[in-house]
Undergrad: 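My questions will all concern the structure given below.
Only heavy atoms go into these numbers, but all of them, side chains included; no hydrogens, no water, no symmetry mates.
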Amino acid sequence: MNDIYIRRDGAVGRITLNRPDALNALTHQMCLDIDAALVGWADDPDIKMLLIEGEGRSFCAGGDITEMYRAGLAGDYAYGQKFWRDEYRMNARLFEFPKPVASFLQGFTMGGGVGVG
């Protein structure tokens, strides 16, 4: 199962967070994937707007704290720094995205989910 679906739907760039059992909490890879899509779509004349949604009953509960906890237990203390650096870079790119952005903030929307929304 993919944690995220990134695709074109006509003139819309669509991002669907797909971790409903984890309230669509963002993994590090999801942040990187969203950021790459934003870079690619910003200057793409065929993409007119961005739509972000969450699968299931929640939009996004923020960063995946369980993943961060496991990394810490494994001694990977740099993981948190990488995660937050890349998540905040993605958030800044969303804030500066040159096209309209619509987000469906249904259900749980906390922390990093607010930034994505």
Side-chain angles (χ1 to χ4, degrees):
M1 178 168 89
N2 294 329
D3 289 342
I4 189 168
Y5 294 114
I6 298 175
R7 64 214 178 271
R8 293 170 185 258
D9 189 0
V12 177
R14 273 185 89 169
I15 298 173
T16 304
L17 309 177
N18 188 42
R19 299 183 69 219
D21 291 342
L23 303 177
N24 294 318
L26 294 171
T27 65
H28 185 230
Q29 188 59 53
M30 290 167 73
C31 293
L32 296 174
D33 292 345
I34 292 169
D35 193 57
L38 295 173
V39 169
W41 289 339
D43 295 323
D44 185 334
D46 294 330
I47 297 293
K48 305 295 185 201
M49 74 170 293
L50 176 62
L51 174 67
I52 308 171
E53 60 195 343
E55 185 65 38
R57 300 178 336 151
S58 297
F59 175 67
C60 179
D64 189 340
I65 300 303
T66 301
E67 184 179 20
M68 194 158 309
Y69 177 73
R70 287 182 188 142
L73 285 179
D76 183 4
Y77 305 116
Y79 173 81
Q81 292 173 319
K82 291 185 290 186
F83 180 91
W84 298 123
R85 177 197 64 212
D86 294 333
E87 182 188 10
Y88 290 139
R89 179 178 32 230
M90 173 200 68
N91 287 342
R93 203 172 314 275
L94 272 167
F95 180 76
E96 297 170 352
F97 197 69
K99 299 171 186 181
V101 177
S103 300
F104 295 112
L105 305 180
Q106 82 278 8
F108 288 100
T109 304
M110 303 180 283
V114 175
V116 172

Undergrad: Taking all non-hydrogen atoms of both residues, which atom of Pro20 and which atom of Gly56 are closest, and how far apart?
TA: CB-CA, 4.4 Å
Undergrad: Check Ser103 against Gly117 and note the closest heavy-atom contact, atom names and distance.
TA: OG-O, 3.4 Å
Undergrad: So does Asn2 get a backbone contact from the side chain of Asn18, meaning a donor-acceptor N/O pair under 3.5 Å?
TA: yes
Undergrad: With a 4.5 Å heavy-atom cut-off, do Asp76 and Arg70 have their side chains touching?
TA: no
Undergrad: Here's a test for you: under side-chain contact (heavy atoms from CB on, under 4.5 Å), which of Met90, Arg89, Arg85 qualifies with Glu87?
TA: Met90
Undergrad: I need the minimum non-hydrogen distance between Gly72 and Tyr77, along with the two atoms involved.
TA: O-CE2, 3.4 Å
Undergrad: Mind checking whether Arg19 and Thr27 have side chains closer than 4.5 Å, heavy atoms only?
TA: yes
Undergrad: Nearest 0.5 angstrom please: Asn91 CG to Leu38 CG, how far?
TA: 10.0 Å
Undergrad: Do the side chains of Leu51 and Phe104 get nearer than 4.5 Å, heavy atoms only?
TA: yes
Undergrad: Would you check if Asp33 and Ile15 make a side-chain contact, meaning some heavy-atom pair closer than 4.5 Å?
TA: no
Undergrad: Looking at Phe83 and Gly63, what are the two nearest heavy atoms and their distance?
TA: CZ-CA, 3.7 Å
Undergrad: Give the C-alpha distance, both sets of side-chain angles, the deciding distance and a yes or no for side chain to side chain contact (heavy atoms under 4.5 Å, CB included) between Thr16 and Arg7.
TA: CA-CA 9 Å; Thr16 304; Arg7 64 214 178 271; 3.0 Å; yes
Undergrad: Working to the nearest 0.5 angstrom, can you tell me the gap between Ser58 OG and Met110 CE?
TA: 7.5 Å
Undergrad: Mind checking whether Leu105 and Val116 sit in one hydrophobic cluster, side chains of I, L, V, M, F, W, Y counted as touching below 4.5 Å?
TA: yes
Undergrad: Answer yes or no: is there an ion pair linking Arg14 with Glu55, defined by an N-O contact shorter than 4.0 Å?
TA: no
Undergrad: Search all heavy atoms of Ala25 against all heavy atoms of Asp64 and return the closest pair with its distance.
TA: CB-CA, 3.9 Å
Undergrad: Do the side chains of Leu32 and Ile4 join up, straight or via other hydrophobic residues, at under 4.5 Å, putting them in one cluster?
TA: no
Undergrad: Do Leu26 and Val101 share a hydrophobic cluster (ILVMFWY, side-chain heavy atoms under 4.5 Å, transitive)?
TA: yes
Undergrad: Is the Tyr79 ring parallel, tilted or perpendicular to the His28 ring (thresholds 30°, 60°)?
TA: perpendicular
Undergrad: Counting neighbours of CZ on Phe108 that are heavy atoms of other residues, nucleotides or ligands and sit closer than 6.0 Å, is the number greater than 12?
TA: no
Undergrad: If you look at every heavy atom in Pro98 and Ala42, which pair is closest and at what distance?
TA: CG-O, 3.6 Å
Undergrad: Here's a test for you: under side-chain contact (heavy atoms from CB on, under 4.5 Å), which of Ile6, Asp46, Val12 qualifies with Trp41?
TA: Ile6
Undergrad: Just say parallel, tilted or perpendicular for the rings of Tyr88 and Trp84, cut-offs at 30° and 60°.
TA: parallel
Undergrad: Hey, what do you get for CG (Asn24) to CZ (Phe59), rounding to the nearest 0.5 Å?
TA: 8.5 Å
Undergrad: Roughly how far, to the nearest 0.5 Å, is NZ of Lys48 from NZ of Lys99?
TA: 7.0 Å
Undergrad: Do the side chains of Ile47 and Arg8 get nearer than 4.5 Å, heavy atoms only?
TA: yes
Undergrad: Answer with yes or no whether the hydrophobic clustering places Ile34 together with Ile52; edges join I, L, V, M, F, W, Y residues whose side-chain heavy atoms lie under 4.5 Å apart.
TA: yes
